[in-house]
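These notes are about the structure you will find just below.
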Amino acid sequence: MAVMVYNTLSRQYEEFVPVEEGKVSIYVCGITPYDHSHIGHARPAVFWDVVRRYLTHKGYKVKLVANFTDIDDKLINRSKQTGIPIPEIAEKYIQEYLECMDKLGVQRADVYPRASEVIPEIIDAVQTLIDKDFAYESSGDVYFRAGKFAGYGKLSGKKTEELMPGARVEVSELKESPLDWALWKASSPGEPGWPSPWGKGRPGWHIECSVMVHKHLGPQIDMHGGGTELVFPHHENEVAQAEAVSGVEPYVKYWVHSELLNLEGEKMSKSLGNVVYLHEVVKNHDPMAVRLYLLNAHRRKVLDFSEELLRSAEKGWERIQTGYRNALEFLSNPTAQGLRDASKLAEATRQSRKAFFESMDNDFATPGALAAVFDLVTAINAHVVPREKDTSDSDARQRVAEAFGLLVECLGILGLVPETGRPTASQESDISGSLVDILVEIRNTARQRKDYATADYIRNKMADLGIVLEDTPSGTKVRM
RNA sequence: GGCGACAUGGCCAAGUGGUAAGGCAGGGGUCUGCAAAACCCUUAUCCCCGGUUCGAAUCCGGGUGUCGCCUCCA
């Protein structure tokens with residue numbers, strides 16, 4: 001089935017047809033590593049990780065590129081304030097970001113280009129723009145001549161006449177028009193910079209993305225992502241630069257933007273000071289629950305951050321994992337019985353599969369896909385958890401295996417990795433594992449002679465240590 | 001002021017014309033020594049007003065509200 005994508009450029013759903021059959025090129029605007037990343041930065045990262053997994057699952061060869069803007073005003077200022085060299089600051093926050101991504105189960109991009117690594121290419125592109133009369137030099141700066149690019153405004157839907165009155169930026173006399181933007185900025189004394197035909201300077205913000213896309217993915221790519229706040233001016237300018245340089249149109253076939261993450265109804269942003277740091281969130285919460293929380297809202301809907309929502313996601317994630325474990329335990333126990341009519345499970349599996357893939361095909365609607373996963377979990381639990389009065393079914397093992405297979409497939413696409421429960425011997429020392437077994441044994445002996453005081457004492461004390469005991473008809477389960 | 005997105009139960013959130021998914025929370029039940037987990041049952045007519053249609057949460061028009069962009073920002 002075809003994948004439908006909502007394209008910012010056309011403001012419509014379009015059938016996804018890659019530029020080159022079987023291949024998908026994706027570029028996502030990454031972070032400026034001048035400070036800790038916040039939870040909002042994780043939204044597009046997780047979203048694109050899922051898109052990538054999904055398209056790969058569908059058989060596409062996907063190449064994903066995400067940049068780091070490691071030279072800009074904020075970094076320069078931070079360096080001035082702290083006395084720490086820019087590369088050191090950038091490196092620190094890039095590493096922290098990547099560590100958070102690892103925890104969230106975000107697979108590494110194929111390339112993480114940095115602005116500072118493509119200076120020669122940027123200079124080339126700027127020179128090309130000057131040669132083509134799309135740009136001009138002015139006192140060591142180089143500006144893009146917005147009015148010269150016929151399609152300017154097509155992505156954001158802005159009309160140049162309408163922008164004029166709203167332009168509240170102090171208009172630089174160096175620019176021919178307030179709409180023009182810097183491709184290259186001359187360095188002030190003491191500021192870092194690179195030699196160029198226009199003197200020592202550094203790239204403007206928008207140009208790096210155009211150049212990186214071209215370098216790593218070519219003049220035309222399938223999908224470009226980022227937060228909605230980047231549509232204008234960043235992406236608009238990117239289109240102008242890229243198409244003016246290469247002459248290839250469209251630069252990006254599908255513009256796929258992520259809505260913002262708000263805190264108490266306001267955009268989370270460092271400049272507003274209302275940020276929740278990502279490294280703290282993934283430290284204080286199960287990163288997989290954080291991932292679930294992010295995926296439970298469609299990318300084009302504003303998502304609010306709150307501890308309550310995170311707790312809700314944690315509960316939901318527990319539920320999925322319980323179903324996963326139940327199926328796993330059933331399948332690994334050859335004598336497990338107590339099933340209901342297994343044909344119902346087969347039907348539920350079929351429906352979940354349909355719902356999951358239909359949702360994903362519909363603009364990567366992860367909330368709907370998650371609903372299918374929850375339905376599947378309910379169906380699995382209903383058939384796998386032993387009950388006295390139920391009868392076994394000879395097809396059961398097969399059916400449960402199918403359902404479990406689908407669950408694994410779906411979770412794989414969503415990048416949700418369940419804990420398999422009790423740590424294995426390699427993770428936990430044999431001794432402590434044995435000690436737990438002994439305690440469980442003692443407790444069960446106590447239960448048998450109805451010494452519930454002792455049994456409950458052991459259970460409570462172990463719970464305090466994070467070891468959960470659950471008595472089931474098939475024995476006591478241990479979870480850590 | 002201009003441009004754009006969104007508005008569904010207590011909270012979160014699906015739904016791109018055919019009669020309201022799912023999660024969390026709540027209530028009732030089953031199971032259990034108790035608990036946990038699990039299962040079953042249970043809580044909405046979709047911001048307002050018009051219109052199109054046999055039929056609209058879904059399309060069109062007009063309101064109202066929230067958020068974003070027009071300045072660095074995922």
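Since the model is a prediction, treat every value here as computed from it, not as a measurement. Chain letters run A, B, ... following the sequence lines, proteins first, then strands; residues in each count from 1.
Spacing between B/rA36 and B/rG27 at atom P, rounded to whole Å, works out to 13 Å. If you take atom C1' in B/rC39 and the same atom in B/rU32, they sit 14 Å apart, rounded to whole Å. Taking atom C1' on both nucleotides, B/rA7 is separated from B/rA13 by 13 Å, rounded to a whole Å. Between B/rU8 and B/rG4, the two P atoms lie 22 Å apart (nearest whole Å). One P atom belongs to B/rA25, the other to B/rC11, and the distance between them is 15 Å to the nearest Å.
Heavy atoms of A/Gly226 sit under 4.0 angstrom from primed sugar atoms or phosphate atoms, though from no base atom. Residue contacts for A/Ser156: at a heavy-atom cut-off of 4.0 Å it reaches the sugar-phosphate backbone alone, with no base atom in range. Residue-level contact check: A/Asn296 touches the bases, meaning some heavy atom is under 4.0 Å from a base atom. A/Leu469 comes within 4.0 angstrom of a base, heavy atoms only. Among the protein residues, A/Asn262 comes within range of the sugar-phosphate backbone only, with heavy atoms under 4.0 Å from sugar or phosphate atoms but none that close to a base. Across all strands, A/Leu230 comes closer than 4.0 Å only to sugar-phosphate atoms, never to a base (heavy-atom distances). At the heavy-atom level, A/Thr322 lies under 4.0 Å from the strands shown only through sugar-phosphate atoms. Heavy atoms of A/Gly225 sit nowhere under 4.0 angstrom from any nucleic acid atom. At the heavy-atom level, A/Arg447 lies under 4.0 Å from base atoms of the strands shown. Contact annotation for A/Arg300: backbone-only contact, meaning every heavy-atom pair under 4.0 Å involves sugar-phosphate atoms and none involves a base. Within the 4.0 angstrom heavy-atom criterion, no nucleotide atom of any strand lies near A/His234. Nucleic acid contact for A/Lys301: sugar-phosphate only, since backbone atoms but no base atoms lie under 4.0 Å from a heavy atom of the residue. At the heavy-atom level, A/Glu470 lies under 4.0 Å from base atoms of the strands shown. Residue contacts shown for A/Arg443 include a base, since a base heavy atom lies under 4.0 Å away.
Relative to the side chain of A/Asp471, the nucleotides B/rA35, B/rA5, B/rC69 differ in distance, and B/rA35 lies closest. Relative to the side chain of A/Arg319, the nucleotides B/rA74, B/rC39, B/rG15 differ in distance, and B/rC39 lies closest. Picking from B/rC24, B/rC69, B/rC34 the nucleotide with the shortest atom distance to the side chain of A/Glu229 gives B/rC69.
For a distance-only test at 3.5 Å, the side chain of A/Asp72 fails to qualify as a donor-acceptor partner of the base of B/rC72. You'll find a donor-acceptor pair under 3.5 Å spanning the side chain of A/Arg459 and the base of B/rA35, going by distance alone. Scanning atom types as modelled, one donor and one acceptor separated by under 3.5 angstrom connect the side chain of A/Asn362 and the base of B/rU16.
For an aromatic pair to be called close, the ring centres must be under 6.0 Å apart, and A/Phe330 with A/Phe404 fails this.
In A/Lys92, the NZ atom is not crowded: 12 or fewer heavy atoms of neighbouring residues, nucleotides or ligands sit closer than 6.0 Å. Annotation: A/Lys344, atom NZ; neighbour count of heavy atoms from other residues, nucleotides and ligands within 6.0 Å does not exceed 12.
OP1 and OP2 of B/rA74 both lie 4.0 Å or more from every side-chain N or O belonging to A/Lys267. Listed pair A/Asn381 / B/rC39 meets the phosphate criterion, a side-chain N or O lying under 4.0 Å from OP1 or OP2. Considering only side-chain N and O atoms, A/Arg311 lies nowhere under 4.0 angstrom from the phosphate OP1 or OP2 of B/rC24. Regarding contacts with the backbone of B/rA25, a side-chain N or O of A/Lys315 is found under 4.0 angstrom from either OP1 or OP2.
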Full working for ring pair (Phe, Tyr, Trp, His ring centres under 6.0 Å) between A/Tyr6 and A/Tyr254: CA-CA 8 Å; A/Tyr6 184 88; A/Tyr254 306 92; over 10 Å; no

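Taking every heavy atom of both residues into account, A/Ser116 and A/Asp70 meet most closely at OG-OD2, 2.6 Å. Here the shortest heavy-atom pairing between A/Pro287 and A/Leu104 reads O-CD2, 3.5 Å. Minimum interatomic distance between A/Ala346 and A/Arg399 (heavy atoms only, all atoms of both residues): CB-CD, 3.2 Å.
Residue-nucleotide stacking is present for A/Tyr452 and B/rG33, judged by a side-chain ring centre under 5.5 Å from the six-membered base ring centre and planes under 30° apart.
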